[in-house]
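The block underneath contains the structure these notes are about, expressed in structure tokens.
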Amino acid sequence: MTTREQATNYQHLQTRAEDDVILEIRNASVRFDMDRGSARVLDDVNMDIYRDELLGIVGESGSGKSMFASAILDAVVEPGILQGQIIYHRKEGEPIDILQLEPDELRRLRWDEISMVFQGAMSSFNPTMTVRGHFEETIRAHGADMGERMSHVRHLLSELYLEPERVLDVYPHELSGGMKQRALIALSLVLDPEVLIMDEPTAALDLLMQRSILSLLYDLQQTYDLTIVFITHDLPLVAGIADRLSVMYSFQFVEVGESEEIIRNAAHPYTRALLKSVPSIDTPLDEMSHIEGESPDPVNIPAGCSYHPRCPIATSICVEQDPEFFEVDEDHWAACFHWEEAADAVEYSISSGELTAEDVTVEPDEEDDSG
Amino acid sequence: MSSKEPVISLENIEVHFELGGFIDKLRSDVDTVKAVDGVSLEIGENDVVALVGESGCGKTTLGKTAVGLQRPTGGAIRYRGQDIWETKDSRRSVGDYEFEEIRRSLQIIHQDPGSSLNPHRTVMGQLVDPIKKWYPEMNPGQREENLFELLSRMGMKPPEDYANRYPHQLSGGEQQRVALGRALMLEPDLVLADEAVSALDVSLRVEMMDLMLELQDVVNTSYLFISHDLANARYLAGRADGYIGVMYLGNIVEIGPVDQIINDPQHPYTQILRWATPQLNPDLAKKAHEQEIPVREVDIPDPIDPPSGCHFHPRCPQARAICAKEEPELIDPVGEGTRAACYRADDNHEYWNSPSIDDVEEELTVNP
């Protein structure tokens, strides 16, 4: 057993040796030094991202998800200090450590190989430049063939249900939020990257647009052999399209596995509580309840397993030691000493199939509908 | 929607906004946005009505009208049978209630609690003003006692500690609880909760909605809950045996008890919202993703120039020629309380003999 300081554990990384790993994140930590102490907003994280998979990363706000995304591209904002290794395996050539790259190498990698769609597309565009200008500038800066790329852009835009000629010649404010978000996705794909990292790409949008964009992403991933890392706090949103899900709590991963397996048989008490607490359209109403307690302050993370103050099955070992990953099933890992007891301690259920009237608890209506 | 007299009744409400400046008006070149276009709705005592719809569908405008913050350009809004705007405009009393009393009975909580609280005042400071105004007989000791009681009720313990914090020292969930507390302190009859949980992390939404329902029992209030998220609407209204109303471009297109709207939606738009709401069950989620996007147009039309007939017809997968000509009214064909504004709800409508809209559109427009 290890203490928190040495809690690097790699067990969950060895699951599928035959899989082609595109990104290896090793011992990645991000620290912010503040007046009231040092805040660790990414705590010694290890993760493998497989080529052509859609990896969903879920967790509450302030669990370190966005920091994980920034770390992959060495884009942690000042004065954050990022340590560790981010190894990128190119299709051809030697693997590279992203954190060792020179600034211009990094700039090249960022659009050509790995691109990112940040939260709030609204502010990602330059308001004084047409949409076409954004595409052309990106293509020019990376020395790509303008004619060939722009015809790719037109193709991408129409695949995203946008009329290229109409969208390209307007200014960003002339587009609706959903259109802007789709244009931004097209922009992120303009140079045919291998990896697309999306941080809450649909957070500000309506349900219908959210869902449509997800369906489009699903198709794009198949068409362009993309590796997508999809980061969100909205678990049901990503559960349906992700190949694997990875749950973050308090700046660390606590569970990782195939999406369906995580939804059906979550093994970490936190994941189970999270599944219970998320309003969904199909979960029986009286099975939903909130998680007791509050997520920890990054300056003052509880010792041992950081979930222990909220966990109904925590014992003294959870206070003393940081759990390593335990194998729950093939490709399914949970960082919990008591994962075997979690199923009984935190029960949840998902709907069995089509919704039935019994799923919605409504008392018999005694009053007339006079409206 | 109780059998007794409703707290608020909206009758054929229209809210039209004119766009354009002085010059446009001189040239009478004014665009009109029909944010709400002929909506009738009743909210009873201890009722929960959830309005869902996409941005721009008019749900917030309708909500503000229902609590007397937006003057309708047409139709009437009544508080316990008494016309609100007539009460305001008339110098003499027109009924049992003064305008001030009506305003006090209708409260609102906003989407972003961070900006609806005054950043320069402590929690105590925010909450004490309404008590001073409406309970002038209370002395400072009693006020404090009541406030602490309220804070503990809202799960903010110890209250002495929370009372002296400033809004930035609270989490998003705590800020929203203070905003809820501030609204409920006046024992309103109706609280408009406009996207009140949307800004919160998903894991905190159930907690906030549970608190709303718990305090509803204490205060005896009704909620008009506005959300773009069907899952939230289902939770709050479903727990309270309430209703869900679905809005689209200024109209309510379907309204009914929660289980019927969720499990047996009649209007194609409600069915599509249902599709768009992610499901946790992996089989169902996968099925929904493999399905083609079930709308003919992904983007919502311009509200300045809404489509003819049924506003939804350009996006509706089931639209026929007649849908572009006439606007369907809300009908209740089954008699189970759900009303839908769609010809498909009526088995005998000429819709069923109308040609598919795609054929008609091809005749009208030359498509590339």
Side-chain angles (χ1 to χ4, degrees), chain A residues 60-62 161 176-179 205-212 214-216 218 233-241 259-260 263-264 273-283 285-286 288-291 294 350-357 359-363 365 367-371, chain B residues 1-4 6 9 40-44 54-55 171-172 197 201-207 209-210 228-232 234-235 238-239 241 243 255-259 262-264 272-286 288-289 291-293 295 297-300 337:
Chain A
E60 289 168 81
S61 23
Y161 295 88
S176 72
M179 289 176 160
L205 302 176
D206 281 313
L207 271 184
L208 190 50
M209 185 51 67
Q210 240 181 34
R211 193 50 184 269
S212 305
L214 281 185
S215 287
L216 296 171
Y218 188 75
H233 71 291
D234 196 342
L235 205 162
L237 185 74
V238 72
I241 57 164
S259 183
E260 181 162 355
I263 300 295
R264 290 195 189 280
L274 186 65
L275 278 162
K276 241 175 121 70
S277 75
V278 171
S280 82
I281 195 82
D282 54 339
T283 307
L285 283 182
D286 44 8
M288 294 189 225
S289 70
H290 62 268
I291 311 178
E294 280 176 35
I350 50 172
S351 71
S352 49
E354 281 304 319
L355 271 181
T356 57
D359 286 336
V360 185
T361 330
V362 177
E363 297 297 312
D365 197 359
E367 290 163 337
D368 287 340
D369 166 30
S370 58
Chain B
M1 298 193 186
S2 70
S3 50
K4 287 180 289 179
S9 64
S40 299
L41 182 70
E42 290 186 351
I43 304 169
E54 288 169 279
S55 9
S171 70
V197 302
D201 200 89
V202 276
S203 58
L204 301 176
R205 291 181 188 168
V206 163
E207 187 175 6
M209 289 190 277
D210 282 344
H228 68 283
D229 188 337
L230 202 51
N232 293 336
R234 168 184 175 241
Y235 187 83
R239 283 243 138 154
D241 193 10
Y243 285 76
I255 184 163
V258 176
D259 58 340
I262 299 292
N263 298 319
D264 188 21
I272 284 162
L273 280 186
R274 178 80 177 69
W275 167 84
T277 311
Q279 308 184 81
L280 260 184
N281 182 309
D283 296 333
L284 298 182
K286 214 168 284 169
H289 274 292
Q291 204 185 331
E292 284 280 301
I293 300 175
V295 275
E297 295 268 343
V298 175
D299 292 292
I300 199 163

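Proteins get letters first, then strands, A, B, ... in listed order; numbering begins at 1 in each.
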Nearest 0.5 Å please: distance from the [atom1] atom of [X] over to the [atom2] atom of [Y].
{"X": "A/His290", "Y": "B/Ser203", "atom1": "NE2", "atom2": "OG", "value": "10.5 Å"}
{"X": "A/Met288", "Y": "B/Arg239", "atom1": "CE", "atom2": "CZ", "value": "8.0 Å"}
{"X": "A/Leu208", "Y": "B/Asp299", "atom1": "CG", "atom2": "CG", "value": "9.5 Å"}
{"X": "A/Ile281", "Y": "B/Leu280", "atom1": "CD1", "atom2": "CG", "value": "11.0 Å"}
{"X": "A/Ser176", "Y": "B/Glu54", "atom1": "OG", "atom2": "CD", "value": "10.0 Å"}
{"X": "A/Arg211", "Y": "B/Ile272", "atom1": "CZ", "atom2": "CD1", "value": "12.5 Å"}

Closest heavy-atom pair and its distance - [X], [Y]:
{"X": "A/Pro279", "Y": "B/Ala231", "answer": "O-CB, 3.7 Å"}
{"X": "B/Trp275", "Y": "A/Ser215", "answer": "CZ2-OG, 4.1 Å"}
{"X": "A/Tyr161", "Y": "B/Ile293", "answer": "CE1-CD1, 4.0 Å"}

- May I ask you to name which of A/Val278, A/Leu274, A/Ile291, A/Ile241 has the most heavy-atom pairs under 4.5 Å with chain B? A/Ile241

- Task: Name the option with the most non-hydrogen atom pairs under 4.5 Å to chain B; the candidates are A/Gly240, A/Gly62, A/Ser289, A/Ser280.
- Result: A/Ser280

- Residue among B/Lys286, B/His228, B/Glu297, B/Met209 with most heavy-atom pairs under 4.5 Å to chain A: B/His228

- Message: Counting only non-hydrogen atoms closer than 4.5 Å, does A/Leu207 touch chain B with its backbone (N, CA, C, O), its side chain (CB onward), both, or neither?
- Response: both

- Would you call A/Gln210 and B/Thr277 a side-chain contact if the rule is heavy atoms closer than 4.5 Å? no

- Task: May I ask you to say whether A/Asp234 pairs ionically with B/Arg205, meaning some side-chain N is under 4.0 Å from a carboxylate O?
- Result: no

- Message: Between B/Asn281 (side chain only) and A/Ile350 (backbone N and O only), is there a donor and an acceptor less than 3.5 Å apart?
- Response: no

- Query: Which region of B/Asp201, side chain (C-beta onward) or backbone (N, CA, C, O), has a non-hydrogen atom less than 4.5 Å from a non-hydrogen atom of chain A, or is it both or neither?
  - Reply: both

